[in-house]
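The structure appears right after this line, and notes come after that.
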Amino acid sequence: MIIMDKLTKYELGFFPTPLHELENLAAAFEDTYRIFIKRDDHTGLATGGNKTRKLEYLLGDALAKKADTIITAGAQQSNHCRQTAAACAKAGLGCHLLLGGDPPEHVTGNLLLSKMMKAHIHYTGDRRKGEDLDNLADQLRKNGQNAYVIPYGGSNLTGAMGYVEAAGELKDQLSGQGLHIDHVFFASSSGGMQAGLLLGMALHGLDTQLMPIRIDKTEMQGMTLQEVVKRLVNEGNAGLKLPVPVDTDTIHTIDGYEEAGYGVLTEEEKAGILTLAGSEGILLDPVYTGRAFHGMLDHLQHARIAPGSNVLFWHTGGIPANFYYASLLS
Ligand SMILES: *Cc1c(COP(=O)(O)O)cnc(C)c1O
């Protein structure tokens, strides 16, 4: 690593993830656009997803600090928590997950997988955004454990380093295929991926326009998603040796698609999920990628992207949640 050389990485995933074209989908738009997909649903760690990249850096840091237990938080169908449970199983670390709400009647989807990988589950009722992380860490430390706290969504600068690196991976793939991508659509929620990509684009000289579809309308510790991304990018501007710092005034999120609320599957999102499944044999998820994909289709359908553009959908995983939403998808 040329930057942040104090960070060590613990390898967990399969990289580079595939990048390929969606010709059947493009045909549905009469080939007005070329449409590509980056398959971070194939990163590894118990069905893949974007948290693998973050966890390589987070667990690297935890292991360097001789942690024996990881604590993190999320929703009951959190992909981040499921992937953390998988990473801990592989690294031989204990894993505590703080999940919002009350114990469910049926354990399925991501929650089932986390339990299968031996995570200790704590249900935290209305405290849904990891408010109790530090309390649990103190409690475990009193019992002699060396607990390492991973924030909600794995979105601090250490986790975001996974996407700083991913921007370089994409750049190499595009140069290798002689391709230029004009717009990159993806689901943005706790901000780590977006911040990492922005910093990584500056570091690696990747020239493309990010189209971050906002997923969750609730704020995180009183901050909007845009503010969270700005804060992380400011930290990165200060801590990474970038040729040119990222201009934080240009940071934006695409808002409006989150109106139905987090985890609520709309009819349009369901239609988008079934379109990709039926035309390309690729599965999205009902919370993140289904929403972001619908956002991309909406932009293409209404020609909000210039005809002739090359667009890329960055698939961020989430497959197990389909089973939790089975009755809405069948
Ligand atoms: C966590 C997650 C995201 C959002 O990534 P952030 O870094 O939290 O913005 C997108 N898609 C899926 C499937 C996720 O699990």
Side-chain angles (χ1 to χ4, degrees), residues 6-10 12 45-46 49 51-52 54-162 189-192 216 218-223 228 231-232 235 262-263 320-321 324:
K6 274 181 286 170
L7 281 182
T8 44
K9 200 168 116 177
Y10 179 71
L12 290 164
L45 281 188
K51 305 310 180 302
T52 308
K54 299 177 178 183
L55 286 163
E56 289 198 322
Y57 284 92
L58 292 162
L59 260 73
D61 189 40
L63 291 166
K65 291 176 175 149
K66 306 265 187 278
D68 52 22
T69 309
I70 301 287
I71 312 175
T72 195
Q76 290 198 4
Q77 283 301 318
S78 165
N79 300 300
H80 163 63
C81 289
R82 178 252 311 164
Q83 295 212 274
T84 303
C88 289
K90 165 131 174 89
L93 300 171
C95 181
H96 288 260
L97 303 177
L98 300 179
L99 307 180
D102 300 317
E105 206 172 311
H106 302 291
V107 171
T108 178
N110 282 300
L111 178 59
L112 170 66
L113 302 189
S114 297
K115 285 201 159 186
M116 289 171 68
M117 295 180 285
K118 285 199 198 151
H120 303 272
I121 312 284
H122 308 256
Y123 295 99
T124 56
D126 289 340
R127 297 163 71 78
R128 293 175 186 277
K129 297 268 170 175
E131 293 87 341
D132 299 323
L133 281 168
D134 290 332
N135 283 343
L136 180 61
D138 286 345
Q139 218 174 301
L140 293 174
R141 283 178 196 128
K142 277 182 199 143
N143 293 336
Q145 286 172 276
N146 187 3
Y148 181 94
V149 174
I150 294 181
Y152 198 89
S155 284
N156 54 16
L157 188 58
T158 304
M161 288 307 295
S189 184
S190 67
D216 189 348
T218 57
E219 298 201 331
M220 277 165 292
Q221 290 140 29
M223 279 191 286
V228 170
R231 200 198 53 198
L232 281 170
E235 276 178 49
Y262 178 84
Y324 177 78

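This structure is a prediction, so every number in the text was calculated from the model and none was measured.
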Out of curiosity, [X] [atom1] to [Y] [atom2], how far, rounded to the nearest 0.5 Å?
X	Y	atom1	atom2	answer
Cys81	Gln83	SG	CD	10.5 Å
Lys54	Ser190	NZ	OG	4.0 Å
His96	Thr69	NE2	OG1	5.5 Å
Leu98	Leu136	CG	CG	5.5 Å
Leu63	Asp68	CG	CG	10.5 Å
Leu55	His80	CG	NE2	6.5 Å

In this structure, are over 12 heavy atoms from other groups packed under 6.0 Å from [X] atom [atom1]?
X	atom1	answer
Glu219	CD	yes
Tyr152	OH	yes
Met223	CE	yes

Counting C-beta onward and ignoring hydrogens, is there a side-chain heavy-atom pair between [X] and [Y] closer than 4.5 Å?
X	Y	answer
Leu93	Leu59	yes
Leu97	Leu111	no
Glu56	Tyr10	no

*Given Asn79 and Asn110, is the side-chain hydrogen bond (donor to acceptor under 3.5 Å, both in side chains) satisfied, shown in steps?*
CA-CA 6 Å; Asn79 300 300; Asn110 282 300; 2.9 Å; yes
Is there a donor-acceptor pair closer than 3.5 Å between any side-chain N or O of [X] and the backbone N or O of [Y]?
X	Y	value
Thr72	Ile150	yes
Asn143	Gln145	no
Gln77	Thr108	yes
Asn146	Lys66	yes
Lys51	Leu45	no

How far apart are the closest heavy atoms of [X] and [Y], and which atoms are they?
X	Y	result
Ala86	Ala46	CB-CB, 3.9 Å
Ile121	Ser114	CD1-CB, 4.4 Å
Asp102	Gly125	OD1-CA, 4.3 Å
Ala119	Ala85	CB-CB, 4.0 Å
Tyr123	Gly101	CB-O, 3.3 Å
Ala87	Leu12	CB-CD1, 3.8 Å

_Given His122, Arg127, Gln139, the one that forms side chain to side chain donor-acceptor pair (under 3.5 Å) with Asp132_ = Arg127
*Should Lys65 and Asp61 be marked as a salt bridge (Lys or Arg N to Asp or Glu O under 4.0 Å) after you check the CA-CA gap, both sets of side-chain angles, and the distance that decides it?*
CA-CA 6 Å; Lys65 291 176 175 149; Asp61 189 40; 3.0 Å; yes
